[in-house]
2 protein chains.
Amino acid sequence: MYSRGVSTSERLIESTRELLWERGYVGTSPKAILERAGAGQGSMYHHFKGKPDLALAAIRRTAEMMRATAEAVLGGPGTPYERIAAYLLRERDVLRGCPVGRLTMDPDVITSEELRAPVDETLDWLRERLASIVREGQERGEFGPGLDAGETAATIVATVQGGYVLARASGQPAAFDAGVRGLLALLAPPATPTA
Amino acid sequence: MYSRGVSTSERLIESTRELLWERGYVGTSPKAILERAGAGQGSMYHHFKGKPDLALAAIRRTAEMMRATAEAVLGGPGTPYERIAAYLLRERDVLRGCPVGRLTMDPDVITSEELRAPVDETLDWLRERLASIVREGQERGEFGPGLDAGETAATIVATVQGGYVLARASGQPAAFDAGVRGLLALLAPPATPTA
DNA sequence: GTCTATAAACAGATAGAC
DNA sequence: GTCTATCTGTTTATAGAC
């Protein structure tokens, strides 16, 4: 239940965002959304065409917020390595998983071109953004010139997404951290590791 | 529908394995399982206590098969780096995702101590197995002695699990390959990359 | 062992009152 | 705009015939 100062349509979107994060698309029923939003059937079907339409609005917003969160760190101060490290080490509610990445395991999301699009675009944007930072690091001599920036960026995004899997499997956020530290060690400028 | 030479209980388990892989636990109904297995309600509730019990049998078998598949490559011939590369590059039906890892995004699996256990044990076994190979590689001088074997292994498993996420998001198996190649480049013995 | 019948709750959506 | 019926099909399970 959200505060009364917020519109019903807004409460529906936010409730859907939460439930998609917690239970995914197939695990989320309109009834559950309505209960959480404190709204009736009529409101939902007045503002949205149905469950897929509401989910699309929720997914788009979540995607936008994820990009903003990432950009806040990746566009911040520091060397390329430091910014990537800051991104990897930033505080996360690890056991909740990634609100965007988790949707890729949802059969009805992957099947729908419309619902999958914002997921794809977001992860693609993140990979590209990281690739540009890796290239920047290569120009500064921070990363080996032999690395393929795009592939390295894919590894970084994959490590994060897979880190959530390991953490949720074990119920331990530390499993995420282990994967991240392993990656940072592999990425570390060759000059640094030695005493 | 499976061949008549196989027991009903067997067909139920195999149908459940397929559906859990395709649609996850919350997305799989007993009805869908029964249809695929060509069995009636009575058969399922005769052989299993209910959906969770049948799912447990299916998950345990899938977990065991995944370990066997991994061990076939990891315990094969070659240097540690070569065996890890063989594991990462082995043929996979990438867009289907990992039948074990995907379950971590299932709210009802993660909530159930019983259903989560085989998932956790399998990924933990894989991480440990890879860690021992990394240590072996360090002894041979193939990997830097500064690496933490456990963390490096976590990165390897995470890259694979996250690779599935990237591939499914984009609908392109190539996204998985990019992450893997990026990781292999980072892992590559320092002597190799130069001409 | 396997089948069909039955059932209470839920999923997803529509209709129409207010 | 929001609400409460109403509705069809599904989910998950039990009962009992064969």
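Numbers restart at 1 for each chain; the letters A, B, ... are given by sequence-line order, proteins then strands.
Here B:D124 pairs with B:R127 under the side chain to side chain donor-acceptor pair (under 3.5 Å) rule; sequence neighbours left out. Checked against ring-ring contact (aromatic ring centres under 6.0 Å, His included), A:Y25 has no partners two or more places apart in sequence or in another chain. Partners of A:T104 according to the side chain to side chain donor-acceptor pair (under 3.5 Å) rule, which considers only residues two or more places apart in sequence or in another chain, do not exist here.
In the displayed structure, A:E114 atom CD is contacted under 6.0 Å by at most 12 heavy atoms of other residues, nucleotides or ligands. Annotation: A:E64, atom CD; neighbour count of heavy atoms from other residues, nucleotides and ligands within 6.0 Å does not exceed 12.
For the pair B:R102 and B:W21, the cation-pi criterion (under 6.0 Å, within 45° of the ring axis) is not fulfilled. With a 6.0 Å cutoff to the six-membered ring centre and a 45° limit on the axis angle, A:R90 does not count as a cation-pi contact of A:F176.
For the segment residues 103-113 of chain B, no residue has any heavy atom less than 4.0 angstrom from an atom of DNA chain D. Listed by residue number, B:Q41, B:G42, B:S43, B:H46, B:H47 are the residues of residues 41-50 of chain B with a heavy-atom contact under 4.0 Å to DNA chain C.
A:I33 places its CD1 atom 14 Å from the C1' atom of C:dC10, with the value rounded to the nearest Å. Whole-Å rounding puts the A:L34 CG to C:dA13 P distance at 11 Å. Taking atom NZ on A:K51 and atom C1' on C:dT14, their separation rounds to 18 Å, with Å as the unit. Look at CD on A:E10: it is 16 Å from C1' on D:dG1, rounded to the nearest Å. The distance between atom CD of B:E35 and atom C1' of C:dT4, rounded to the nearest whole Å, is 15 Å.
In this structure, B:Y45 belongs to a hydrophobic cluster whose other members, linked by side-chain heavy atoms under 4.5 Å apart, are B:L12, B:I13, B:L19, B:I33, B:L34, B:M44, B:F48, B:L54.
Side chain of B:T155 to main chain of A:L183: a donor-acceptor pair is present (N/O by atom type, distance under 3.5 Å, no hydrogens or angles).
Between A:S29 and C:dA11, a side-chain N or O to OP1/OP2 separation shorter than 4.0 Å is present. When the side-chain nitrogen and oxygen atoms of A:T8 are compared with OP1 and OP2 of D:dG1, none of them lie within a distance under 4.0 Å.
Distance from the side chain of A:K31 is smallest to C:dA11 among C:dC3, C:dA11, D:dT12.
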